[in-house]
Every structure is written in structure tokens, then in C-alpha cells.
Amino acid sequence: MADISAPKGVRDILPDESWKWAYIFRVVQETALNFGYSEVHLPLFEHTELFARGIGDATDVVEKEMYTFLDKGDRSITLRPEATASMVRSYLEHGMGTLPQPVKLWCAGPMFRYERPQKGRYRQFWQVDFESLGSANPLVDVEIIALSVEIFRRLGLHQLEVVLNSVGCPVCRPGYRERLHRFFESRLDDLCDTCKGRLDRNPLRILDCKREGCKAVTEGAPAIYECLCDDCRDHFDAVKKGLHRLAIPYRLDNRLVRGLDYYTKTAYEVLSGSLGAQNAVCGGGRYDNLAEAIGGPHVPGVGFAAGVDRILMVMEQEGCSFGAEPSLDAYGVALDAGSRESVSDLVDHLRRNGVAADMDYGNRSMKTQLKAASQRRARYACIIGEGERQKGTVSVKDLATGEQREILSEDVVAAVRPRPSGDE
RNA sequence: GUGAGCGUAGUUCAAUCGGUUAGAGCACUGGACUGUGGCUCCAGAAGUUGGGGGUUCGAGUCCCCUCGCUCACCCCA
């Protein structure tokens, strides 16, 4: 066991896995293009204040899960625990309010949260994040949900469930909160200790509790639907209607909550049954008051983040395809020590002409080189020995059929090049 | 932060009640086959049994501490 190892909760994505990641990002990128979202690259760290205000100081994420440190200029810096706040910051900082609205952006990259690792939860984890900024139109909520569902569909995931709720807005939520408070107050004895504490701070969170006792109590709790203001109710109806039109199935769940005031109206998650306790592959919703919370003008927004680590986990479990595994077109094989330089030259020539080619650098026997060619799933072995060198030829062996022919060096590219895609 | 389970070769795992030199599959290297791969057979290399302390004639095995991993609570992607 090496005495040096990666820090707790982080991991290496090695070649046996990395090509699958690349596949997922490719699918996400194509889908983003289809839906009219443009990619941005955002910094991995921000001023701590952005997250404190943009996520909320009362949340667990901000209270105890952030990687925060002072830089050499004594600024408090935090590794981003999520992307939405950065996205809104970027929108405001670059005056995107002057562009046609909504501005539709996406990004991908690692997020950081100091949590105890477990299945599907890492301290550095990858998200793809989509945000649509500047429109309060419920059709945009529908688009966001449809986009996330489409990504999962293209990736081949089918055992997923969309869970939908509305969390109201600053107009109607206080009334609901009060009703909940009254309801739980009368059943205080049946609640767990943490929920007793939540009663005054944030009774909505009690709905989220997973303890059996609390769940039983919440069965009879008033639903937020009864308390939504006209605006929120119309919006919610429009979103539900939109999902119906697009034939996107969903389940309503009034336990799905977001604790803070700048989260408004639509809240949704996409859950997988095959993930263990960390079963959300995607979470999102509307945050019409977030831009103001971080010191900007009123900019409505809606978006989602999907966890790439978890998506991959579910895909593996459900036996989804990741496209073609990377392979070589040609593998150079030297019969003797004197031919190694010729093989090196040939491989370089192939590579410069768009052929995926590799060779052995370990002075291994010809047998072992051919073995390596098979293992790398090369289509052809390009063999050079003394005889070939004298004649200026290469023996090209089709590793699938075993068929071999000797061809002139200058014709090798044409012989092993993958079927031209037409526009090369 | 809390709880439970687990740490043996690169990796997946063995090792009887505490008993001699800690074994095997896969992977790796070489050979059988010196100009032809996948299969087979043979051989080789590979270990501070996570670390530290204790009990014992003797510890991979039992006890304590510590570190790490895993799962769950919590929270979320």
C-alpha cells in the first residue's frame, strides 16, 4: 500500500472509466445545442460571500460543508459547492441583462462539499448545470425539465422518476409556513428531536424528514397547493400542463422543499431507484429572487444541476451503452531490434495522417507485441522486419481475420485508415 | 458531526481453535513457439498482513489506540 493517497472523498477517474465520462459529456453537449444553451466555463472558486448569499447562510451547505480558506490577500475564498450562484454572478457581471431574454447557459465541472463520503457522494463531484436567466415564463420551467429528461433519455436511462412541487413565493409561503407551524405544534410529541428544532426555524423542512414517526405525522399536514397565491398557482398549473403536452410523466410531492426565500415556485428532482440513499441524479427549480439576494437587480431564473458521478453509476447498473470503446486503427510491430526505428517512423506517419496508431516501447518479443495489439483492440498490425525494410514494404495483418498482405510503405495509410467520413 | 461493518500482493480473495517459511485467481514479465496475436502449459517477479502499542512461548487472527475504506444517519447531485 502506497504511503501516499488521495484525500478523503476524492478519486481518480482512470482510463477504464474516463471514456465513459467523455461519452456522457458528448451527449450533454449535443443536447444543449439542440435546446439552444451555450456553454460557459466558470471559475472553481468564488468569494465566499457569493455562496453565503446565493445559497443561504442557514443551509447545511453553507453552514458546514464549504471548502473555505483565506488567500494570500486575506480574501475569504470558497471552492464552489454548486454552480447556480456563479452562473447568476456571471450574468450580472457581464451585463447579460441587455441581451435578448432568457439567456440560456450551461457548464460542466467539479463541485466541492465537505461531507462524509458514502455511495454516490464525494467531496469533489461533477455536475452539469443548466440555467435559463431572465424569464418568468412557465414554459421555460417546462423546457428545463424537458431538457434534463431528454439528456437522461439519450443516455439510455429509463428507471427514473420526476418529482415535482411548487414552493410558492414570498407572497404566499409565509402563510403556508404559519399553517404548518400550527399543525406541527399540536403534534409536537410525535416529532423527532431535530424536527422539534425545525419547527420555529423552518417548518417546511419537517416535511422532508425521513424518520417514520415524522413521516406519519406529515401525512396529514396541509399541502402547499392549498396556500399558493394566484400567481404561483397559475404558474404551477402552466408547468404541469406543459409537462402533460410534452408527455413527460411526473409525480407530485409536497414534501419536496427548498428552504430559502429566493427559491420560488417550481422545484423538482429526478430520482433513480438504483442508487442507494443518495438517489437524486438531478435537482432543480426556479429562483426568481436569487439575483437580488446577491446584490443585483430582479432577474428571474430557472435551472437544474445533474450529478455526473451518479448518472454514470446508474448507467452502469442499468447496463446502458457508452458508445464505442476507444481503440486503435493500427499497431506497429518490430520483428527485430534493427526495425524499431522504422516502426517508430511508420507510426508517426500514420498518426499525422489521422490514423490512431501506437507501438511497443519495451523491446518486447514480436509475439508479445502482437498480443499487445490484440489487447488494444487494434484493427491492423503493421509488421516490419529486415525483409520489409529492404523492400520498402510493410506487412499489414488484419487482426480480426488473420489475413495478411505485404504492401508498399506509402500505401499503408490508405490500407489502414478508418473508412473516410467524407469531409476530410 | 453520529453509528455500524471492513482493512492481507497492482487487483479480487484464501489462511482451521492463536501455531512452522502468509497462499491462489486475474493482471504483469519471460519461456514452450528465435517471422505471427487471442487458447493452453510452465516459470518469474510481486507483502512492513494500514500504522502504533498490548496480551502470549507464539498474533494476519485476541485487546486498546490511530488512520483509511465502505454503508447508513444528516444533507443533497
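Just so it is clear: chains get the letters A, B, ... in the order the sequence lines come, proteins before strands, and each one is counted from 1.
- The distance between atom CD of A/Gln127 and atom C1' of B/C76, rounded to the nearest whole Å, is 9 Å.
- For B/A46, there is no paired nucleotide, since no Watson-Crick or G-U wobble pair has both relevant distances below 3.5 Å.
- On the P atoms, B/G60 is 10 Å away from B/G19, given to the nearest whole Å.
- Nearer to the 5' terminus of RNA chain B, by closest-nucleotide assignment, is the contact made by A/Tyr114 (compared with the other of A/Ala306 and A/Tyr114).
- The aromatic ring centroids of A/Phe112 and A/Phe125 lie 6.0 Å or more from each other.
- Within 4.0 Å (heavy atoms only), A/Gly387 reaches at least one base atom of the nucleic acid.
- Nucleotides B/C41 and B/A4, compared at atom C1', are 47 Å apart to the nearest Å.
- Among the atoms of the strands shown, only primed sugar atoms or phosphate atoms (P, OP1, OP2) are found under 4.0 Å from some heavy atom of A/Lys8.
- A donor-acceptor contact under 3.5 Å links the side chain of A/Ser374 to the base of B/G37.
- A donor-acceptor pair under 3.5 Å links the side-chain atoms of A/Arg187 to the main chain of A/Phe183, judged by distance alone.
- Here A/Tyr262 and A/Tyr287 keep their ring centres 6.0 angstrom or further from each other.
- Distance noted for atom P between B/G47 and B/A24: 15 Å (whole Å).
- Looking at heavy-atom distances under 4.0 Å, A/Tyr122 makes contact with a base.
- As rounded to whole Å, 13 Å separates atom C1' of B/C26 from atom NZ of A/Lys371.
- B/C73: Watson-Crick or G-U partner is B/G1, with both key distances under 3.5 Å.
- Rounded to a whole angstrom, the distance from the P atom of B/A9 to that of B/C13 is 11 Å.
- Between B/A27 and B/U11, the distance separating the two P atoms is 16 Å to the nearest Å.
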Practice item. Assess whether salt bridge (charged side-chain N to carboxylate O under 4.0 Å, His left out) is satisfied between A/Glu325 and A/Lys20, documenting all intermediate values. Key: CA-CA 8 Å; A/Glu325 231 172 303; A/Lys20 300 178 178 177; over 6 Å; no
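- We find that CG of A/Asn279 is positioned 10 Å from C1' of B/C76, with the value rounded to whole Å.
- A donor-acceptor contact shorter than 3.5 Å is absent between the side chain of A/Asp12 and the backbone of A/Leu14.
- Spacing between B/A59 and B/A22 at atom P, rounded to whole Å, works out to 13 Å.
- Note on A/Ala305: only backbone sugar-phosphate atoms sit closer than 4.0 angstrom, heavy atoms only; bases stay farther off.
- Taking atom P in both B/G68 and B/C74, one finds a spacing of 24 Å when rounded to whole Å.
- With hydrogens and angles ignored, a donor-acceptor pair under 3.5 angstrom links the side chain of A/Glu388 to the base of B/G35.
- Nucleic acid contact class of A/Lys367 (heavy atoms, under 4.0 Å, all strands): base.
- Looking at heavy-atom distances under 4.0 Å, A/Ile383 makes contact with a base.
- Judged by atom type and distance alone, A/Gln404 reaches the base of B/U36 through a side-chain donor-acceptor pair under 3.5 Å.
- Contact annotation: A/Gln118 side-chain N/O to B/C73 OP1/OP2 distance is under 4.0 Å.
- Atom CZ of A/Arg123 and atom C1' of B/A77 are 16 Å apart (whole Å).
- Judged by atom type and distance alone, A/Arg121 reaches the base of B/C74 through a side-chain donor-acceptor pair under 3.5 Å.
- Here the C1' atom of nucleotide B/A77 and the CG atom of A/Asp129 are 10 Å apart, to the nearest Å.
- Side-chain to base pairing of A/Arg116 with B/C71: no donor and acceptor N or O lie closer than 3.5 Å to each other.
- Rounded to whole Å, the distance from CG on A/Asp60 to P on B/C74 is 11 Å.
- Atom-to-atom, CG of A/Asp253 to P of B/C76 comes out at 14 Å; the value is rounded to the nearest Å.
- Here B/G35 sits opposite no nucleotide as a Watson-Crick or G-U wobble pair (both hydrogen-bonding atom distances under 3.5 Å).
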Practice item. Please assess A/Ser339 against A/Arg389 for the test side chain to side chain donor-acceptor pair (under 3.5 Å), listing each intermediate value before the final yes or no. Key: CA-CA 8 Å; A/Ser339 301; A/Arg389 271 190 289 145; 3.0 Å; yes
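- Of the residues listed (A/Asp288, A/Asn137, A/Asp141), the one engaging A/His235 in a side-chain hydrogen bond (donor to acceptor under 3.5 Å, both in side chains) is A/Asp141, and it is the only one.
- When rounded to the nearest whole Å, the span between OH of A/Tyr380 and C1' of B/G38 equals 18 Å.
- Remark: B/A24 base-pairs with B/U12; criterion is Watson-Crick or G-U wobble with both hydrogen-bond distances under 3.5 Å.
- To the nearest whole angstrom, the two C1' atoms, one in B/C65 and one in B/U55, are 15 Å apart.
- Base pairing annotation: B/U61 forms no Watson-Crick or G-U wobble pair, as no partner gives both donor-acceptor distances under 3.5 Å.
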List the atom pairs, with distances to 0.1 Å, where a side-chain N or O of residues 355-362 of chain A and a protein N or O form a donor-acceptor pair under 3.5 Å, not counting sequence neighbours.
{"residue": "A/Asp358", "atom": "OD1", "partner": "A/Arg351", "partner atom": "NH2", "Å": "3.2"}
{"residue": "A/Asp358", "atom": "OD2", "partner": "A/Arg376", "partner atom": "NH1", "Å": "3.3"}
{"residue": "A/Asp358", "atom": "OD2", "partner": "A/Arg376", "partner atom": "NH2", "Å": "2.8"}
{"residue": "A/Asp360", "atom": "OD1", "partner": "A/Gly362", "partner atom": "N", "Å": "3.2"}
{"residue": "A/Asp360", "atom": "OD1", "partner": "A/Arg364", "partner atom": "NE", "Å": "2.9"}
{"residue": "A/Asp360", "atom": "OD1", "partner": "A/Arg364", "partner atom": "NH2", "Å": "3.2"}
{"residue": "A/Asp360", "atom": "OD2", "partner": "A/Gly362", "partner atom": "N", "Å": "3.2"}
{"residue": "A/Asp360", "atom": "OD2", "partner": "A/Asn363", "partner atom": "N", "Å": "3.3"}
{"residue": "A/Asp360", "atom": "OD2", "partner": "A/Arg364", "partner atom": "N", "Å": "3.1"}

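- Checking the phosphate oxygens (OP1, OP2) of B/U70, no side-chain nitrogen or oxygen of A/Lys119 falls inside 4.0 Å.
- Each of A/Glu403 and A/Gln375 was matched to the nucleotide of RNA chain B holding its nearest heavy atom; the match closer to the 5' end belongs to A/Gln375.
- When the side-chain nitrogen and oxygen atoms of A/Arg364 are compared with OP1 and OP2 of B/U29, one or more of them lie within a distance under 4.0 Å.
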